[in-house]
Amino acid sequence: MDSLLQQFAFKAKSRTINDLFIGSNRADKFSLSAAGLYLDFAKQNVSEDELALLIHWAKKLKLEHKIQAMFNGELINNTENRAVLHTLLRAPESRQRAILAEQADDVIATEKRMAVIVDDIHTGKMRGVTNKRFTDVLAIGIGGSFYGCKTALNALHNYCTQGIKVHLLSNIDSDALSEKLAFINAETTLVVVISKTFTTQETLLNANSVKQWLLKKGVNKQALAKHLLAVTSHCDKALKFGVKTKNILPMWDWVGGRFSVWSAVGLPLAIAIGMEHFNHFKQGAWQMDEHFQQADFAENMPVIMALIGIWNRNFLAYPALAVLPYSHALRAFPGYLQQTDMESNGKSVTQQGEKLKSSTAPIVFGQEGTNGQHAFMQLMHQSDDIIPTDFIIALATSNSYQEHQQVLFANCLAQAEALMQGKSLKQVTTELLNKGMTEQDASRLAPHKTMKGNTPSNLLLLQQLAPKSLGALFALYEHKIFVQGVLWQINSFDQWGVELGKQLSGDVLTSLQNKTITSSSSSLSSSTKKLIHQFINFTSVNKNVD
Ligand code: F6P
């Protein structure tokens, strides 16, 4: 990492963020607008000089060239030899044709088919076994085939006006399955299986169980296909599963799972909010894409957020990032970001396979405000760990409870301020003495009430949570994560780290099914073998559980 920046960081660690405000119009200088979003980063522990140096460093690492390489479809996912072109799914048709040539026909045709399917469901042209209209959609998928839809469905709840209830099933735990099936009616339920690979264990087992449920509930074999849709890049596998060709929407290897909500993976969302709003969601993202490609780095929101993130992570050595949307509708956003950020950048070798000397992705966690204030934020205020934070809030509320919005907004600003300002031992002691406490009592209590402060934060302000602003918000974080990957020189678009667990679960499963430790499990630890035996013994005694 850049040695001059390291020297600056050394000094930055011994100053307070408060100091940076003195004599500076920081609120103006350290804020940006793009694609309908406003970013206030004045409460970051970074000076103008340091920011300029970070920008210079990014330029030295040819960030501009790398951004264009992604948008132009170069094979930047080098371990899988793939382009990274999810941005094209929200781009104008002319651009899709310029980059994809003949393949653009397939992409455009898929968008049109998706719109027809959405329309057919809404108008009742598409019907189930008993010729009744579909009232419910059960979408089955996990990871990237789940989080984007889940987050957007929550966020755009007020736009779900189509009268179709959309349910998402991801976890393999049968409790999740039975919870969903308890509230839906087979004859009026359309099932959408979403899996890029169509090999994901959880999704396939859930899909098979739901298929059995449909059959058990009277959807006969001949009519089963009327209830099935699939989104996948392996159409052959979906066909084999029993989905009709006309009901399979393709995706392409240049769309990574965690960046796929813009493709037909977003079908459940489009069904819920309608195609027009779904297109607005994509347009908002494309606005952010254009900003990202065109704005100078000093005014480029994803670049600035990425650089500040690296400053916090690598130069100031802060290990985590808290994401706190002050919005009930955005309550799933921290979970979505955990996947997008940590699955992308949780790496420790460069694109060339060399061991990195610096850390990469922070540990991302969070919850909607104000709930987090009554939980983990105690640690953020008083432990020794400094946790940089992204606050997200909208100015407008979608309902008439204005007082709630005021209180929510006040709490959001107050937390950012409290994290930054803290309260020194001296301040606390004076306060206690002023309240009439004895010196002895005040000095005993004061350390417990001291707040460390100096915790940096961003505040992202939306006018209103709407399809466009949500699209822009998603794209902002996608690009921030990409920029950080470029500067760490890692491949943000593979996820080999998930493979070992998948392989070992297969080994364990074989033993569970054979009711004995099979050769595939022989290299497992004695601890795991003992646990396997406990499961086998338990299930053989409790046959009904088997
Ligand atoms: O968890 C790993 C992962 O491969 C994710 O990257 C992906 O989004 C998810 O599994 C689901 O994969 P698929 O869409 O192929 O079922």
Side-chain angles (χ1 to χ4, degrees), residues 76-86 89 110 114 138-153 168-173 176-177 191-211 228-243 248-269 332-347 360-361 364 474 477-478 481-482 485 490-506 509:
I76 62 168
N77 176 354
N78 69 320
T79 58
E80 297 177 308
N81 208 27
R82 289 175 184 168
V84 175
L85 278 172
H86 52 275
L89 297 166
T110 303
M114 182 170 161
L138 178 62
I140 306 170
I142 199 164
S145 297
F146 162 73
Y147 279 117
C149 266
K150 156 103 183 152
T151 307
L153 271 172
L168 302 181
L169 174 64
S170 62
N171 199 351
I172 195 56
D173 188 334
L177 173 68
V191 177
V192 187
V193 185
I194 307 175
S195 177
K196 183 176 172 187
T197 55
F198 227 83
T199 56
T200 304
Q201 186 189 41
E202 295 93 326
T203 301
L204 290 192
L205 184 49
N206 272 331
N208 271 310
S209 298
V210 170
K211 205 157 96 171
L228 298 177
L229 287 176
V231 182
T232 183
S233 57
H234 290 270
C235 302
D236 51 329
K237 295 193 175 111
L239 262 176
K240 220 167 140 201
F241 179 78
V243 189
I248 303 172
L249 290 167
M251 53 192 294
W252 305 272
D253 69 358
W254 41 263
V255 184
R258 53 193 173 273
F259 304 97
S260 64
V261 68
W262 321 102
S263 70
V265 168
L267 182 67
L269 176 65
F333 194 68
Y336 158 79
L337 259 195
Q338 278 178 341
Q339 194 213 14
T340 349
D341 198 325
M342 294 202 274
E343 195 170 56
S344 297
N345 286 344
K347 317 272 164 75
T360 55
V364 179
F474 273 41
Y477 276 95
E478 284 181 355
I481 290 162
F482 163 69
I490 59 179
N491 179 2
S492 301
F493 300 103
D494 60 13
Q495 56 285 319
W496 300 107
V498 302
E499 295 302 325
L500 179 58
K502 286 184 188 172
Q503 184 196 318
L504 292 181
S505 87
L509 187 60

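Note that ligands are numbered from 1 as they come in the structure, with each ligand's atoms numbered from 1 the same way. Basis for what follows: all heavy atoms, side chains included, without hydrogens, waters or symmetry-related copies. In this text, all values refer to a predicted model and were calculated from it rather than measured experimentally.
The neighbour count for Glu80 CD, taken as heavy atoms of other residues, nucleotides or ligands under 6.0 Å away, is above 12. Atom NZ of Lys150 sits in a sparse spot, with 12 or fewer heavy atoms from other residues, nucleotides or ligands closer than 6.0 Å.
Of all heavy-atom pairs between Ala264 and Leu249, the closest is CB-CB, 3.7 Å. Scanning all heavy atoms of the two residues, the minimum distance from Lys196 to Gly256 falls at NZ-CA, 4.0 Å.
Taking the ring pair (Phe, Tyr, Trp, His ring centres under 6.0 Å) definition, one finds that Tyr147 meets it with nothing, sequence neighbours left out.
Residue contacts with ligand 1, taken as heavy atom pairs separated by less than 4.0 Å, involve Thr197 via backbone and side-chain atoms alike.
Within the set Ser233, Gly501, Gly144, the minimum heavy-atom distance to atom 7 (C) of ligand 1 is found for Gly144. Here the shortest heavy-atom distance to atom 13 (P) of ligand 1, taken over Thr200, Ile140, Val265, belongs to Thr200. Looking at Lys196, Glu343, His234, it is Glu343 that brings a heavy atom closest to atom 6 (O) of ligand 1.
The nearest protein atom to atom 10 (O) of ligand 1, hydrogens excluded, is given as Lys502 NZ, 4.6 Å; this is a heavy-atom distance. Of the protein's non-hydrogen atoms, Ile142 O, 3.2 Å is the one closest to atom 11 (C) of ligand 1.
A heavy-atom separation below 4.0 Å is not found between Glu202 and ligand 1.
The shortest distance between side-chain heavy atoms of Asp494 and Lys347 falls below 4.5 Å.
Shown here, atom 15 (O) of ligand 1 is in close reach of the protein: a heavy atom of it lies under 4.0 Å off.
Close contacts between ligand 1 and Gly143 involve ligand atoms 8 (O) [criterion: under 4.0 Å to a heavy atom]. Heavy-atom contacts of Ser195 reach the following atoms of ligand 1: 13 (P), 14 (O), 15 (O), 16 (O) (cutoff under 4.0 Å).
Between Tyr477 and the options Phe333, Phe259, Phe482, a ring pair (Phe, Tyr, Trp, His ring centres under 6.0 Å) holds for only Phe333.
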